[in-house]
Structures are given as structure tokens and as C-alpha cells.
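A short worksheet on the structure shown next.
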Amino acid sequence: MDATNLNILSTLVFLPLFGAAVVALWPANDRSAWHVALYFSVGEFLLNLKVLLGFTPEYGGFQLLERTEWIRTLGVSYVLGIDGITLWLTLLTTALTPIVVLAAWGSIQKQIRAYLVSMLILEGAMIGSFLALDLILFFVFWEMMLIPMALLIGVWGGPRRIYSAVKFFLYTAFGSALMLVSILALAYLNYEKTGYLTFNYLVLREFSVEPGIALVLFIGFALAFAIKVPVVPFHTWLPDAHTEAPTGGSVILAGVLLKFGVYGFFRFCLPLFPDVALRAAPCLAGLGVVGIVYGALISMVQTDIKKLVAYSSVSHLGFCMLGLFSFTLEGMAGSVYVMLAHGVSTGALFLLVGFLYDRRHTREISDFGGITQVMPFYATAFVFTALASIGLPGLCGFVGEFLSLAGTFLSQSLPGARWLTAAAASGVILSAVYLLWMVQRVFFGEIRNDRNRHLADLTTRERCAILPLMALMVWMGVYPEPILSHLRPTLESLKVFVTIKSVQIDAEYGHPEPPRQVPEPQPGNSPEITSERAVAYEF
Amino acid sequence: MNFETAVANLGFRDLAGISPALNLILAGIAILALDAILPMRSKLLSAWIALLALAGSLFASLHRLAVGADISAFNHAVRMDPFANAFSAIICLASTLAVLSAPKYLKLREVHLAEYYALILFSVSGMVLFGASQDLLMMFLALETMSIPVYCLVGFTRTNVYSTEASMKYFLIGAFAAGFLVYGIALLYGAAGTVRIEDLAVGLDRAPGLFYSGMALLLVGFLFKIGAVPFHMWTPDAYEGAPTPVTTFMAEAVKAAPFGGMLKVLFVGFGFEEAMQVWQPVLIGIAVLTMTVGNLIALVQDDVKRMMGYSSIAHSGYILVGVAAAAELHSTDALAAVLYYLFIYVLMNAGTFGVLILFSSKDKDANHLDDLVGLGRERPWAAALMTVFLLSLTGIPPLGGFFGKFYIFSYAIQAGMIPLVVIAILNSVVSAYYYLKVIGAMYFREPEDGARAVFYFEGYSVFLIAMLWLSAAGVVYWGIQSETPLLLAEQATASLFKPAP
């Protein structure tokens, strides 16, 4: 565990923030400031690859831990650590940011420097929230993400940008406000029991909350994350935010920001309140399925390409929720994999829609038709990405969706798991319907609109932005093993941890009903847990 | 001790004891004298004198706070303990920022008079003594010393109708509040037979009826001063009408100072045990009302100054949550959270008004939301500073405002007041809307006719720029490094219950 001498995770968090300051103060013209931002974001990605190299795939706990005191009076500390889940999520973040920065030039018409600064601050905040292992530190980064994102939507967005930015901000702020109450209450409950006030996640997750109170606290956390995902009744901010956001904003919003919801369920809701989470699983998985079908149906009737992609995010994120709450290894791995694949494929779709919008300043499907004839490269890229998003075997979407459906099918803790799977699987078909139908209307047939006759194909810069993503889609679809092998130990130890803890809680507080289908703890994995706990007690 | 011996006992020690306040009074008198001798040159010079005096008091208070000095003076009427020093430091800091914001604005309005600085200094001396008073009469004197110059300051641009109207309104309501206060003091004296704050509690056994009514009146007086609902009516009018530098002064120094006396009376005068039964439930109700009413009315304001008036009401509500939590927890550490909040509140408010002053021109204040449209594009740094202050007011990490709320709310949670915290936190989400409206005007909106907005730095002065950057740096630095001020504040509040030397 002694990799702290490098402080590589802190560097990972603060490099983009430093980059933002450099870009803001950069004395030369905007174009060179853009170059600087590009260097910083690429450097960040390389640094993240170095983290990947330093990561021990066989170990399921937190690695490269860094810890220092922050506010001793209230037990707030600065703890960073990385595990299999956040390893890939940070890589997704740092991979998407250079692409977004690259795509910004030419697409962003005003105040590009401020745009880049917001983007880099956003990146730092996102990385920070993924790596933070202190609840207050996590909350600090979590809230910090809101501002640059709201600015991205509000300043560089479309005609209804102000409404969308404010809606986005208020929705998310509302959720996180209740989460803060839950965080505080959790820490003080732990304080009452142990006499030791701390917000350290590694310590707090050892603490079992009494089921009645745990339910309330769980709702506080779950609401914040459900809004972020977004789970269906809380999704109404998403289409607005996506439609109005600039291309880069949409890419990051869909690619990374939405993942924070699912990540929150993984990191906080499950280990902190395992008993409640397991009991709420049918409900949340059900909402996931509702999201899959509902998102797909709504996508089908959209007339705006970007809105269509936005609703398809609701659908895809449903797979994440379903896989996670199936509570099987396959399902959880599928959930993470869908997050990554969705980040790449939907990010690419938003990027492509943005390229088209830059040329035509419209996104109405009916304004297009026959684009293939004038933009062959673009059309190829788009169809390719759409197929990846649909989940064509061999491309990235398939692996994750398959895993989470398989996991759900095998799930023992979800009642009616097979029905849920069947309903969710219809989402796969529906996604083919809405995406392919849109592709057909936009790209094939005759050119009906004369203004489309002279559209230029993608420039080199744009190709540079999209090609790496396409390569990723193929790689993730054909050879998912490296990703899955890094994920597996983390998910195993998470599952064992949650199982043991929920059994303990049921034993400690008694269970109102006979324990339902809680799998027995697997003794083979327990050494990992104990070493995990040893880490926790070091603090 | 009879009167003669009491007077004879006064000496250098007493004067040295209150030197942070005395220093300000002397500087104020010096400014007035200088103005009489050198009427042509005295304006800027008096600004410098005021700044020096305030800086002197600030450092003296901080030094005393750091070494933990505890001095009783004037036959125990005044006690400069760490608690008083902490308040004195906060107030001197606030007033320094307010003075820094003033010169150019006043010059533009052609009311750049030396009296302005003298009035500020006199008022500040009252504030310093207010937190240091150990008996109710002293407290009343200090309160009036603090208030009367502010009535004049509000009407300082005397050709402006709004300014004079605000001054009149503020004066009448302030006098009304002072009336309550005096009446309360009289009743408490009747009950307890003393005006010493430490001994007030004996009145509870001797004449509970008198005691409670006296206490209620006293509390009403304080609540008027801090602008708590339902005694808040004067705040938006006074804030809107007063010249912006005076609003700055009111929103920070005049806001923070009454808390000093109030905490002392509530906690020392009535003690924790009494607190729980008597005033804490009332205070919780008032806190909820204050936050909610302040935030809801602020939502519909288009004038930033007026909006900040309502926002300052809402912030009083958050602070009262902290006070109630401290009473519940019987903990002076929780009171330290209140002090930290006041400290950060001073910085972020100063900054917000500072940016408004920066874009005020000769004939017009840049107060309306529409006046700020396009600022983000034309003056990116000014807009960025304003954003920092507004986000801090909203409570977005990692800025000071977040940690202020975090401390207060976490003590309140510790005290088990979860519904109250939920209300408070939802209120701060509501407040995000109107702060965001200002940010939206600066960044999101563009001038309607498609032309570029024009912003002149008419209010520009080195003083003001220094003030803006200092406040912003403070909000960021003391936010992330919030522990240092918090520990100082804990030392300060701990002294509240130590017997006077």
C-alpha cells in the first residue's frame, strides 16, 4: 500500500485545476491557450495511464491511498484512493477531456478561454469526486462539479440555455443538499457510538446503522444519486440540459457526469447501508427497467437528434441500475461496463451531432436526409457509433448490456428477475429501432434539402477527435478482458463486504422478516476483506 | 463602592484595556479636527487615517486574541476577553473593507467628506464596546454609539430621495428597537436588582414575570438589529436606499456586531439551562421564519442591493440555527461556528457590494440585474470575483460560505435538530436560485439588441480593487484552511463562561 511517496492521485486531481489556472492567466492569444489546455488534458491522460500501470489488478481494495489531516476539529480528512471501478471511470474522464478540448476549437465561438478553464476545472472536480474517500471531501468535489457544468450550459448553450442551466443546477443541488444531511447524520451516529468523529469513508463503512435510521439516510444518499443518474421520475432535467449544452458539455455530461449517480450507488449506498440497499434493490432495479423502456420509447418520437441521444442515455443508464441491483458479479461488472461503453459511444454520438450542428445550425431530423452522399466519412463514423450504442456484438455496447442482462437473469436477490430481464432486453431492440430509424432518415435516401448539398466532410481535427473513440469502441467490444480483470477483484470484495455486513446487521438488529435469499458469505474471499479492514483500522 | 471611589479608580489601565475602541474614537476626532484645519486636503488623508486606525485595532484585537488576554475595565463594565476581541477583530476587518470601498464612490457622488470616515470610526468604536459590555447599561450606550452614526451614514447622499427616505425609516425603526431594549433593561433591572449580565439569572427566582418580559423585550431589540423576521422590514429599504459603501458597512459590520451582545446576553445572562426551556424554542421558530421569508422574498427581487438585503435576512436565519444548536449542545465550540460564519459572511458580502460599487457611475448605481448583463464577457475578472462571492454566499465548496454552513449544520445535526437542518439546507438550495440569477445575468444573458454591453470602471480605485481581491482571497483561503479561524473562535467563545478577572 505504500505508493504514497509519489502522491500520484493528488497530482491527478490537481493537475487539471492547475492547468485551468495556467490557461486563465496565459498571456498569449486564444489559440495558444487552447494548445496549453490540450497539453494539460493529454498530460492528465498519460498520468492516469501511469496510475493504471501502478495499479495491482489482483487486489480488490483501495490502492495508492493518500491521507492527510484537513480539518481536525470536525474529523474531516483528505483521503484519496483508487479501486477497480474508479480506475476505469477516471480513465474514461481523462480520455474524454482531451477529445472535448480538441473539438472545442472552431465549435466554440466566444470566450473559448473561459470554456477551456471551465472544462479543466470540471475535470479536476470529477477526478476528485471519483478518488475522494472522505465523505466531506467527496461532497466538496461533487458540488464543485456543478458550477463549471452550469456555466458550460448557460454560457455556450443553445437558445433556452438559461432555463436549462438553472434547472440542472437546482435539481442537482437539491439532491446533494439532502445528501449532506445524511453524511452529517451518519458521521454523528458513528460519533455517538464510538466517540470518535470522522468522515473517513473507510471507517464509516464499517459502521452499521440501525435499519430504521439507515432507511432515512439511504434515501438521502439515493435521491442525490438517482437525480444524477437519472432514474426515471427524476430525469426531467436531463433532456433540457443535454439539448442546450454545447457539444463538449454534452459529451462530458453524458460521458462522465451521469456516471456519478451509479458510482454513488456503488460506492456509498451499497457498502454504507447494505441491508436497506438490498431490500430496496427490487424497487431501484424496477425503476432501472422502467428507465430502459421509457427512455427508449421517448427517444423514438424525438424530432431533434440531440434530444434523441439524450433520452437514449436515460435508457442506457437503466442497464447500469439494473445490473448493479441484480447484485451478481456479472450484473455489477456489466453495470460498470455499460457506464464505460456508454461514455465512449454516447460521447461520440454527441460529438458527431455537434459536428453536424456546427455546419448546419439545426438538429432537426427532418432537415436532413441523404447526408451520406456529401459526408461519407462522417456518415460512416456515425453509423458505426450508432451500432456501438445499440449494442451490436463486437462493439462496446454489447458486452456491458449482455453482462448486466445475464447478471439480472441469474440474480437470486431480485424477485421476478427473469421478467425484469425480459423487459430490459426489449430495450436493446428498441434502441435499434430509434437509432437506426434516425440514421435512415438523416443519412440515407435522397438529399431533399438543398442546403445540405454542400456540406463539408469532417476536418482533420474532427477526425482526430472521433477516431480514438471509434478505436476504443472496437477494442472494448472485442477484448473486454483487461477491463473486466481489473474490475473483478473489486466487485468481488464489494459483494462479499456487502453480504457480510448485511448479515451482521440483520443479526445485530434482528430482521423483521426471514432473511430473503441473502447469499452466504464465501469463505474463500474473506482474507481480502480482512486485509481491507486492516487498512481501514490503520486510520 | 460609591461614585467617588469608582471614578477615582478609573485610570490608565481602563483606558489601555479598551484601546481598540479608544484608538478609533481618537482617530475619528483627529479626522474632524484635520478637516477643520485643512479642509481642502483632508478627504483622502482621512481615509488613510481611518484605515490605519482600523488596522491598528484589528491587529491589537488579533494579538490579544492570540495571547488570550482577558482584561476587565471600568469597574467590570467592560471586559475585553477573547470573545470581545474576536468580535472586535471581525468588526474591524469588516469596517476596513467598507472603508476601502468608499472613497471613489463618494467622490463620484460629490459627497466625499471627512465626516464619513469619522462617523464610521465612531460607529465601530461602539460596536467594539458592544461585544465587550458586561452590563446592560454599557451595552445600551455602546449600541447607541454604534447606531446613531449609521443613521447619518444611510442618508449621506442627502440630495438623493431614496437615501434620505432610507435614513429616516432606519432611524425610526432603530429608535423603536432601542426603545424595546431600554424597556427590557429596565424590567430586568427590576427583576434582578442589577444590570450586570452575569448576575441577571437571579431575577428568574425573584420575579419570574418581570424577568421573562424583560428578556423578551431585550430579545426583540436584538432581533430588530440583526434583521430577523418578523422584525426585518427595515433591512431591504435601508440597504437599497443607502449609498452602496454604506450598505457594505451595514451588511457586514452592523450585521455582525449585534450578535456579540446578543450571544453574551443569551448565554451568559440566561445560561444554558434557562436557554433550553425559555429562549431556544422561540429562537428556532424565528430562525426558520427568518431563513424562509428572507429567501422567498429574495427570489423575486431584480435589484441586487435589495436582493442582498433579503439575503442578509436569510443569513441571519442560518446563524440563528447555529445559536440554537449551541444552546442545545451546551457547547461553546458550536458558538465558534457562528463566529466563523460571521467572519466569512463579512468577506463575501463585502466583495459582492464591492463589485457593484466598481460599476457604479456618477449618476447611476449598477444595482439592477440588467445592469450586469454581459459583464462576464466584457470584464471577465470582475465577473469571476463576483461569481466567487455569490457562490460562497450560496454555500458551494470549497469556498468559505460552504464551510460556514457546514460547521453550523454539523453542530445542529449533532444536537439532533435534523428537521431544522433540512429546512436550512433546502433554504440554501432556494437561495442558489437568486444568486444564480445574478451569475446568469453576468454570464448567460446577452444584451438584447445584440450590441456589446459597455462597462466602465468608473468606480475604480486602488482601494476598491485591493478590497475585492483581499475578500476573494480570504473567502477561498480561509475556506480551505478553515481550521485556523475556527480554533481561534473556539478560544474566543470558551472565554464566555470564564469568570472575569
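Quick note on labels: first sequence line is chain A, next is B, and so on, each numbered from 1. These numbers come from a predicted model, not from an experiment.
The side-chain heavy atoms of B/Ile396 and A/Met144, taken from C-beta on, include no pair separated by under 4.5 Å. Between B/Phe406 and A/Leu74, some side-chain heavy-atom pair lies under the 4.5 Å cut-off.
If you measure heavy-atom distances from A/Ile71 to chain B, the contacts under 4.5 Å come from both the backbone and the side chain. Heavy-atom distances place no part of A/Trp156 under 4.5 Å from chain B, backbone and side chain included. Both the backbone and the side chain of B/Ser410 come within contact range of chain A, with heavy atoms under 4.5 Å apart. With a threshold of 4.5 angstrom between heavy atoms, B/Ile425 approaches chain A through its backbone and through its side chain. Within the 4.5 angstrom heavy-atom criterion, no atom of B/Leu399 approaches chain A. Only the side chain of A/Tyr191 comes within contact range of chain B, with heavy atoms under 4.5 Å apart. Within the 4.5 angstrom heavy-atom criterion, only side-chain atoms of A/Phe169, from C-beta onward, approach chain B. For A/Ile136, the part lying under 4.5 angstrom from a heavy atom of chain B is the side chain only. Of the two parts of A/Phe199, only the side chain, counted from C-beta on, holds a non-hydrogen atom closer than 4.5 Å to a non-hydrogen atom of chain B. Only the side chain of A/Ile147 has a heavy atom closer than 4.5 Å to any heavy atom of chain B. In this structure, chain B has heavy atoms under 4.5 Å from both the backbone and the side chain of A/Glu143.
Counting heavy-atom neighbours within 6.0 Å of A/Trp26 CH2, excluding the residue itself, gives a total of 12 or less. Crowding of B/Phe497 atom CZ: a count of heavy atoms from other residues, nucleotides or ligands under 6.0 Å exceeding 12. Within 6.0 Å of OH on B/Tyr433 lie no more than 12 heavy atoms contributed by other residues, nucleotides or ligands.
For A/Trp142 and B/Phe402, the distance between ring centers is not under 6.0 angstrom.
By number of non-hydrogen pairs under 4.5 angstrom with chain A, the leading residue of B/Phe444, B/Tyr443, B/Phe403 is B/Phe444. Interface remark: of the candidates B/Leu391, B/Leu487, B/Val430, B/Thr387, B/Leu391 forms the most heavy-atom pairs closer than 4.5 Å to chain A.
A pairwise comparison of heavy atoms in B/Val429 and A/Ala177 identifies CG2-CB, 3.6 Å as the closest pair. Scanning both residues, B/Leu426 and A/Leu178, for their nearest heavy atoms gives CD2-CD2, 4.3 Å. The two atoms that bring B/Arg377 and A/Gln111 nearest to each other are CA-NE2, 3.4 Å, heavy atoms only.
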task = Using the side chain to side chain contact (heavy atoms under 4.5 Å, CB included) rule, take B/Ile480 and A/Trp70 through it: C-alpha gap first, then chi angles, then the decisive distance, then the call.
result = CA-CA 9 Å; B/Ile480 295 170; A/Trp70 184 16; 4.1 Å; yes
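Rounding to the nearest 0.5 angstrom, the gap separating the CD1 atom in B/Ile413 from the OG atom in A/Ser182 is 8.5 Å. The NZ atom of B/Lys405 sits 10.5 Å away from atom CG of A/Leu180, with the distance rounded to the nearest 0.5 Å.
Between the B/Glu483 side chain and the A/Arg72 main chain, a donor and an acceptor come within less than 3.5 Å of each other.
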